[in-house]
Amino acid sequence: PLPDRDRALGPSHQQDQSVYEERHLRYISPLGKGNFGSVELCRYDPLGDNTGELIAVKKLQPNKQSNLEDFQKEINTIRSLHCDYIVKYRGVCYSMGRLSMSLVMEYLPYGSLIGYLEKNRQLVNNRRMLLFASQICKGLEYLQSMRYVHRDLAARNILVASDTLVKIADFGLTKIIPFDKEYYRVTHPGESPIFWYAPESITESKFSHKSDVWSFGVVLHELFSYCEHNCNPKRLYMQEIGNDMQGLSISMHLVDILKDNWRLPAPPLCPPRIHSMMMACWGYSAEERPTFSTLGDQIETSIQD
Ligand SMILES: N#CCCn1cc(-c2nc(Nc3ccc(C4CCNCC4)cc3)nc3c2CCN3)cn1
């Protein structure tokens, strides 16, 4: 536990806090579910006078098959990331006795992009959408520079810090590309978000920066669909695949229609340039897809116009 002199530190030191004592954590409300755990809003209130900071605390789901090792990898990943467009690590909280630990992160008051767009649809015009897209793209460019592949890019994992700032979150599935390879092969696909996956991720469990580019294209589709429920990717794909699930699994049907060059339809009122960017991200073979820096430039150009 922190020595007494550290307890009354000013706000600046609080930011550098890296070990949070469970006894000063005040649970407030649930925020959501991520990979391997649930996230709660807490106030860290060592002075006990409700002046402490609000934080987002991700607890390891003890009953889930996920283990402490995966959680520790997620913590190490987010701790190593320093980027304005990636949710910030604050520290860890060890729960004595229960041998478990929690990940403490900055609290983003507006929640996930899905809820935000549904609630603030009239507030968000194309320019604002393009600003969010360019921020996500910059966050992904940074991740790529650190040789990380996110593997779970989706609007549900993009959080809104303010009306003009979004951040990438949930690094539970993130992997580091080995230095001598271009991709990461997953052994345990687990519960895969296949409707955000590139074809090679579905058929060969191969993940690379280019598979993150494919998923970024699906996030663009969600953005410009305002995350409307009746045009979410899973619903649109399932409509196309049809409900005749004869034999072949859903993922094989999905890969078949992608091979036949079927793609998610342009969202209503989506600017043609953005639709062509999505289509580029959805090149069947990985090398056809653009890089995040090319996408970033194209988005910047669209914002200037
Ligand atoms: N990503 C991912 C999947 C896991 N996950 C992460 C968070 C998370 N949420 C927030 N903030 C947050 C969340 C929801 C609301 C409301 C929305 C309306 N309804 C009531 C709740 C408000 C603010 N801040 C965070 C995090 C992680 C780091 N900082 C939530 N789920």
Side-chain angles (χ1 to χ4, degrees), residues 14-15 17-18 20 25-44 52-62 64 66 70-93 101-121 123-124 132 135-136 139-140 142-143 148-175 190-193 195-196 212 215-216 218-219 222-223 226-229 232-234:
Q14 238 173 3
Q15 299 302 328
Q17 185 107 26
S18 72
Y20 288 75
L25 225 49
R26 302 273 175 281
Y27 170 79
I28 297 177
S29 62
L31 292 178
K33 289 230 169 303
N35 291 299
F36 312 128
S38 60
V39 182
E40 299 168 346
L41 174 59
C42 295
R43 180 185 299 280
Y44 189 65
E53 61 167 349
L54 291 177
I55 48 177
V57 181
K58 183 168 192 175
K59 296 186 179 321
L60 180 63
Q61 205 86 23
K64 273 248 175 113
S66 65
D70 281 345
F71 193 51
Q72 260 149 357
K73 278 187 195 155
E74 176 177 356
I75 292 170
N76 293 337
T77 300
I78 195 169
R79 184 165 42 198
S80 70
L81 300 172
H82 301 91
C83 171
D84 293 341
Y85 309 111
I86 289 181
V87 76
K88 283 187 176 19
Y89 167 85
R90 278 273 189 277
V92 290
C93 176
M101 63 197 297
S102 301
L103 165 59
V104 179
M105 297 168 281
E106 65 173 324
Y107 168 62
L108 273 71
Y110 291 75
S112 95
L113 197 51
I114 294 194
Y116 178 81
L117 286 183
E118 281 170 351
K119 219 179 296 171
N120 301 286
R121 170 153 196 167
L123 184 74
V124 184
F132 290 165
Q135 291 171 345
I136 298 165
L140 290 167
Y142 170 79
L143 265 185
Y148 281 118
V149 179
H150 187 280
R151 295 190 53 240
D152 195 10
L153 275 179
R156 66 178 175 276
N157 290 335
I158 305 294
L159 297 171
V160 184
S162 76
D163 288 330
T164 56
L165 179 61
V166 293
K167 301 193 180 197
I168 301 170
D170 208 333
F171 295 87
L173 298 183
T174 301
K175 301 288 182 191
E191 305 145 38
S192 320
F195 301 104
W196 281 259
D212 270 356
S215 304
F216 177 71
V218 183
V219 171
E222 293 183 277
L223 258 177
Y226 290 88
C227 292
E228 273 212 6
H229 182 69
N232 81 31
K234 175 170 184 173

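What you see below is based on every heavy atom in this structure, not just the backbone, and it leaves out hydrogens, waters and symmetry mates. As the structure lists them, so they are numbered: ligands from 1, and atoms in each ligand from 1.
Residue, atom and distance of the protein heavy atom nearest to atom 27 (C) of ligand 1 are Leu159 CD1, 3.6 Å. Looking only at protein heavy atoms, the nearest one to atom 13 (C) of ligand 1 is Gly111 CA, 3.5 Å. Leu31 O, 3.5 Å is the protein heavy atom nearest to atom 30 (C) of ligand 1. In terms of protein heavy-atom proximity, atom 18 (C) of ligand 1 is closest to Lys119 NZ, 4.0 Å. What sits closest to atom 4 (C) of ligand 1 on the protein, heavy atoms only, is Lys33 O, 3.4 Å. Closest to atom 11 (N) of ligand 1, if we only count protein heavy atoms, is Leu108 O, 2.7 Å.
Below 3.5 Å of separation, one finds no N or O of Ser112 facing any N or O of ligand 1. No N or O atom of Val87 sits closer than 3.5 Å to an N or O atom of ligand 1.
Applying the 4.0 Å criterion to heavy atoms of Ala169 picks out, from ligand 1, the atoms 1 (N). Those atoms of ligand 1 with a heavy atom of Gly32 less than 4.0 angstrom away are 30 (C), 31 (N). Using a 4.0 Å cut-off to heavy atoms of Glu106, the atoms of ligand 1 that qualify are 25 (C), 28 (C), 29 (N). Every atom of ligand 1 is numbered from 1 in the order shown, and the set under 4.0 Å from a heavy atom of Asn157 is 1 (N), 2 (C), 3 (C). Taking every heavy atom of Met105 and a limit of under 4.0 angstrom, the matching atoms of ligand 1 come to 27 (C), 28 (C).
Contacts with ligand 1 closer than 4.0 Å are made by side-chain heavy atoms of Val39 only, the backbone lying farther away. Neither the backbone nor the side chain of Leu41 comes within 4.0 Å of ligand 1, counting heavy atoms alone.
One distance of note links CZ of Phe171 with NZ of Lys58; it measures 10.0 Å at 0.5 Å rounding. Atom CE of Met105 sits about 13.0 Å away from atom CZ of Arg79, to the nearest 0.5 Å. Annotation: the span from Ile168 atom CD1 to Leu81 atom CG amounts to 9.5 Å, rounded to 0.5 Å.
Heavy atoms of Pro109 come nearer than 4.0 angstrom to ligand 1 in at least one pair. Residue Lys58 places no heavy atom under 4.0 Å from ligand 1.
Using a distance-only test at 3.5 Å, with no hydrogens or angles considered, a donor-acceptor pair links the side chain of Ser215 to the main chain of Trp196. Without hydrogens or angle criteria, Arg90 side chain to Val104 main chain gives no donor-acceptor distance under 3.5 Å. For the pair Gln135 (side chain) and Thr164 (backbone), a donor-acceptor distance under 3.5 Å is present. Between the side chain of Asn76 and the main chain of Gln72, a donor-acceptor pair closer than 3.5 Å is present.
Shown here, atom 22 (C) of ligand 1 is in close reach of the protein: a heavy atom of it lies under 4.0 Å off. Atom 15 (C) of ligand 1 lies below 4.0 Å from at least one non-hydrogen atom of the protein.
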Problem - Cys42/Arg26 under side-chain contact (heavy atoms from CB on, under 4.5 Å): CA gap, chis, key distance, verdict - result: CA-CA 5 Å; Cys42 295; Arg26 302 273 175 281; 5.9 Å; no
Practice task
Assess whether side-chain contact (heavy atoms from CB on, under 4.5 Å) is satisfied between Glu106 and Val87, documenting all intermediate values.
Solution key: CA-CA 7 Å; Glu106 65 173 324; Val87 76; 3.8 Å; yes
Practice task
Just do the side-chain contact (heavy atoms from CB on, under 4.5 Å) check on Asp163 and Tyr116 with the steps written out, would you?
Solution key: CA-CA 9 Å; Asp163 288 330; Tyr116 178 81; 2.6 Å; yes
Exercise for the section: Could you walk me through whether Val219 and Phe132 pass side-chain contact (heavy atoms from CB on, under 4.5 Å), step by step? Expected result: CA-CA 11 Å; Val219 171; Phe132 290 165; over 6 Å; no
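Contact check on Arg156 versus Asp170 returns no salt bridge, with no Lys/Arg side-chain nitrogen under 4.0 Å from an Asp/Glu carboxylate oxygen.
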